Amino acid sequence: MALDFDDVLKDVGEFGRFQQLLLIFVLLPPCLPGAFHGFSQIFVVATPSEFWCRNPKAGAENLSQSDIQGLLPRRDDTDNTTYSQCLMYDFSQNSSDHHNRNWTSDGTVPCQYGWEFDRSVYQSTIVTDWNLVCDKSFLPTLSLFIHTLGTLLGTLISGYLTDEIGRKKTFCVAVILQLLTGATTVAAPDFITFCVIRFLNGLTIVPVWLIPLIMALEITGPSKRAPVGTTTALCYTFGVILLAGIAYGVRNWVHLQLAVTLPFTFLIGSIWWMPESPRWLMSRGKWDEMLVIVKKMARINRVNLPADYFEELLVKCKAARKADSEGRKRYRVVDIFRTPNLRKKSCLIIFNSFCNYAVYSGLNFFAPQLGGDDHLNFLLSSLIELPAYTILYFCLNRFGRRPLLTFSMIFGGSFLIAAALVPEKNHLTVLFLFLISKFCMTCSFFVTDLVASETFPTVVRGAGASLTQTVSTIGLCLSPLIAHLGSHVIYLPLVIFGILGIVGGAVTLLLPETVDQYLPETMDEGEAFGKHMTWRDCFHLGKPKVTVKE
């Protein structure tokens with residue numbers, strides 16, 4: 001049997017001063033701005049609710065804003081009280097008689113001189129700078145989609161790199177690339193260049209926060225893994241709340257982009273203090289490097305070990321590597337589908353994560369369409385995550401991962417469908433149901449990543465997590481497109497997200513409980529874990545009766 005790094009952690013400390021200091025000063029700080037570039041683009045590409053055709057004669061004739069809007073055609077889909085945002089009268093036909101026009105559609109043309117925008121909410125966005133409205137109104141959503149496509153490719157690349165070159169080096173590349181692309185976004189002269197830079201920026205969105213989470217879990221013993229993971233996710237949520245405050249105070253998209261990029265300059269220094277994951281080093285047979293970290297861990301944790309402990313540990317590592325044929329084999333992502341039980345668990349985790357990411361991200365993209373203040377909606381949607389993580393902190397180890405994941409997704413999806421059935425004029429009721437759903441989906445959003453990290457064996461954990469993130473990011477890619485449907489049929493995104501939440505929660509009943517279990521190290525251990533589950537076990541929602549290594 002292969003040597004388990006969790007056994008080493010029991011000797012040197014599951015969560016001592018070493019892990020605590022590393023978490024506070026090295027692993028948590030990247031999670032704080034980790035959401036900045038993922039969600040700041042919601043405000044960067046925002047479209048002001050009020051805009052109208054620019055009239056070049058307005059200044060010369062001293063026309064007020066209400067006068068200009070009064071000279072615009074009425075919209076066909078209203079009771080003649082709302083002006084058209086995309087059409088204007090062809091004043092060249094009778095430039096001297098603006099005020100005597102009848103409200104007819106005769107003589108209307110698309111806006112000829114650009115648009116004027118209400119700047120009370122947004123001083124500037126790429127929409128106001130490049131006139132991305134009317135026949136170009138889909139382009140802001142397209143830019144969000146392109147950014148998520150970069151995220152999709154980035155999860156695949158980063159997963160490969162984390163297993164091949166290590167967690168630390170991959171994180172270093174991601175931070176530097178995010179800093180560069182974040183800073184150069186403001187220099188984009190046009191929409192196409194903007195999308196190219198945002199695609200490159202999307203490559204870094206997941207590894208910047210996921211790698212610190214993986215490392216935090218890998219250096220922590222089983223009994224402390226859930227609180228550590230919850231704390232990491234909570235820090236990410238504080239970053240989203242901080243983003244809401246930054247976006248509220250900075251209404252110019254160029255200044256906002258610089259503001260959310262600046263924190264990454266401070267992360268460059270933290271890279272020097274970040275060790276490589278000793279669990280990854282152990283799985284790669286780099287025992288000398290692993291022993292350096294383990295010795296430091298024992299020293300800082302003030303653990304007294306036998307004088308020959310590290311020599312014996314090295315002998316055990318080499319013996320286990322020699323005895324286990326898997327130690328000489330490099331695994332790829334396809335290996336998680338070679339055996340039936342691991343294949344089943346992988347498919348369930350991937351599908352659940354897809355549904356989770358689609359709904360969670362979609363709710364963030366959909367929040368501005370709820371009506372009212374965009375910034376307030378986003379802030380409330382972020383604040384509701386705090387009690388979710390507080391509950392997770394106290395309940396994950398007590399009740400287990402599976403019950404929380406199942407019920408949170410099913411309830412979250414149900415509340416979304418309920419919100420879709422409420423008349424649109426009942427704004428507060430819709431907002432209330434929306435926030436309850438966001439609370440539920442926040443719980444599941446964290447738990448699904450935790451279950452994935454605890455289910456995949458160490459030798460393919462990075463690749464498995466990468467594949468899960470890659471497929472999940474397809475859901476992320478689709479979420480702004482689904483949310484965009486709300487501009488045509490307001491309740492349609494709520495129904496789609498609701499169905500995904502309910503179905504995604506139901507399939508988790510087939511997964512084994514991972515609370516207080518050893519992390520599987522080898523492929524054999526990954527296949528054995530949960531292999532003998534029965535249908536009765538599927539509906540047993542709670543901690544397993546025994547917590548031994550299978």
Side-chain angles (χ1 to χ4, degrees), residues 31-50 118-125 127 140 144 147 205 209 230 232-253 255-263 357 359-392 408 412 415-416 419 422 424 426-446 476 479-480 483-484 486-487 490 493-494 497:
C31 296
L32 190 64
F36 282 6
H37 284 283
F39 294 116
S40 63
Q41 195 167 330
I42 295 175
F43 302 102
V44 169
V45 304
T47 301
S49 59
E50 298 291 333
D118 177 13
R119 308 212 178 236
S120 60
V121 177
Y122 299 100
Q123 293 179 4
S124 74
T125 67
V127 172
L144 292 172
H147 189 243
I205 295 299
W209 67 264
T230 306
T232 305
L234 189 61
C235 189
Y236 180 91
T237 297
F238 276 118
V240 179
I241 296 172
L242 181 60
L243 171 62
I246 295 174
Y248 181 83
V250 183
R251 305 298 181 96
N252 181 296
W253 79 270
H255 299 160
L256 175 61
Q257 186 62 35
L258 291 175
V260 299
T261 301
L262 180 63
Y357 272 64
V359 179
Y360 176 83
S361 302
L363 295 183
N364 286 313
F365 289 124
F366 186 74
Q369 298 187 39
L370 289 172
D373 187 280
D374 293 358
H375 296 84
L376 179 60
N377 289 342
F378 187 82
L379 176 61
L380 292 176
S381 178
S382 304
L383 286 173
I384 199 65
E385 296 189 11
L386 292 180
Y389 285 122
T390 302
I391 290 177
L392 285 177
S408 60
F415 280 114
L416 284 176
V422 176
E424 186 179 349
N426 297 332
H427 170 69
L428 292 180
T429 303
V430 174
L431 180 60
F432 177 73
L433 293 173
F434 176 88
L435 292 177
I436 294 178
S437 177
K438 181 63 185 301
F439 168 85
C440 295
M441 297 310 302
T442 299
C443 293
S444 62
F445 181 73
F446 167 73
L476 173 63
S479 60
H484 181 73
S487 61
I490 188 65
L494 297 176
F497 291 140

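What you see is a predicted model, and the numbers here were worked out from it, not measured in a lab.
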- Task: For F439 and I391, run side chain to side chain contact (heavy atoms under 4.5 Å, CB included): C-alpha distance rounded to whole Å, both residues' side-chain angles, the deciding distance at 0.1 Å, then the answer.
- Result: CA-CA 10 Å; F439 168 85; I391 290 177; 3.4 Å; yes

- L476 and S479: side chain to side chain contact (heavy atoms under 4.5 Å, CB included), yes or no, with the steps? CA-CA 5 Å; L476 173 63; S479 60; 4.1 Å; yes

- Task: List the steps, then state whether side chain to side chain contact (heavy atoms under 4.5 Å, CB included) holds for I241 with L379.
- Result: CA-CA 6 Å; I241 296 172; L379 176 61; 4.1 Å; yes

- Message: Please evaluate residues F415 and F434 with respect to the criterion ring pair (Phe, Tyr, Trp, His ring centres under 6.0 Å), reporting the C-alpha separation (whole Å), side-chain torsions for both, the decisive distance (0.1 Å), and the verdict.
- Response: CA-CA 7 Å; F415 280 114; F434 176 88; over 10 Å; no

- Task: Take V260 and V250 through the side chain to side chain contact (heavy atoms under 4.5 Å, CB included) test and state the conclusion after the steps.
- Result: CA-CA 10 Å; V260 299; V250 183; over 6 Å; no

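Using bins of under 30°, 30° to 60° and over 60° for the plane-to-plane angle, the ring pair F39/Y360 lands in the perpendicular bin.
In this structure, CD1 in I246 is found 9.5 Å from CG in L262, a value given to the nearest 0.5 Å. For the atom pair CG of L32 and OG1 of T237, the computed distance is 10.5 Å after rounding to the nearest 0.5 Å. Atom CZ of F43 and atom CG of N252 lie 14.5 Å apart (nearest 0.5 Å). Atom SG in C31 sits 8.5 Å away from atom CH2 in W209 (nearest 0.5 Å). Atom OG of S361 is separated from atom CZ of F445 by 6.0 Å, given to the nearest 0.5 angstrom. A distance of 11.0 Å separates CG of L435 from SG of C440, quoted to the nearest 0.5 Å.
In this structure, V127 and V45 approach most closely via the heavy-atom pair CG2-O, 3.3 Å. Heavy atoms only, all atoms of each residue included: Y122 and A46 are closest at CZ-CB, 3.4 Å. The minimum heavy-atom distance between V430 and A419, with the atom names listed, is CG2-O, 4.1 Å. In plain terms, the two heavy atoms of T47 and P140 that are nearest each other are OG1-CG, 4.4 Å. The heavy-atom pair separating G486 from F366 by the smallest distance is CA-CE1, 4.3 Å. In terms of heavy atoms, I205 sits closest to H37 at CD1-CB, 3.7 Å.
Annotation: side chain of L386 is in contact with side chain of L234 (closest heavy-atom distance under 4.5 Å). Put simply, the side chain of S40 reaches to within 4.5 Å of the side chain of L243, judged on heavy atoms. Counting only heavy atoms from C-beta outward, the side chains of Y248 and D374 never approach each other to under 4.5 Å. Under the 4.5 Å side-chain criterion, counting only non-hydrogen atoms from C-beta, H484 is not in contact with P493. Within the 4.5 Å cutoff, the side chain of Q41 has no heavy atoms near those of the Q257 side chain. Two residues are said to be in side-chain contact when any heavy atoms from C-beta on lie closer than 4.5 Å; V359 and L416 meet this criterion.
Of the possible polar contacts, none joining the H147 side chain to the G38 backbone as a donor-acceptor pair under 3.5 Å is found.
Each of T261, L242, V240, L256 was evaluated against F36; a single residue qualifies, L242, per the side-chain contact (heavy atoms from CB on, under 4.5 Å) test.
Residues in residues 431-440 take part in these side chain to side chain donor-acceptor pair (under 3.5 Å) pairs, two or more places apart or across chains: N364-K438, S381-K438, E385-K438.
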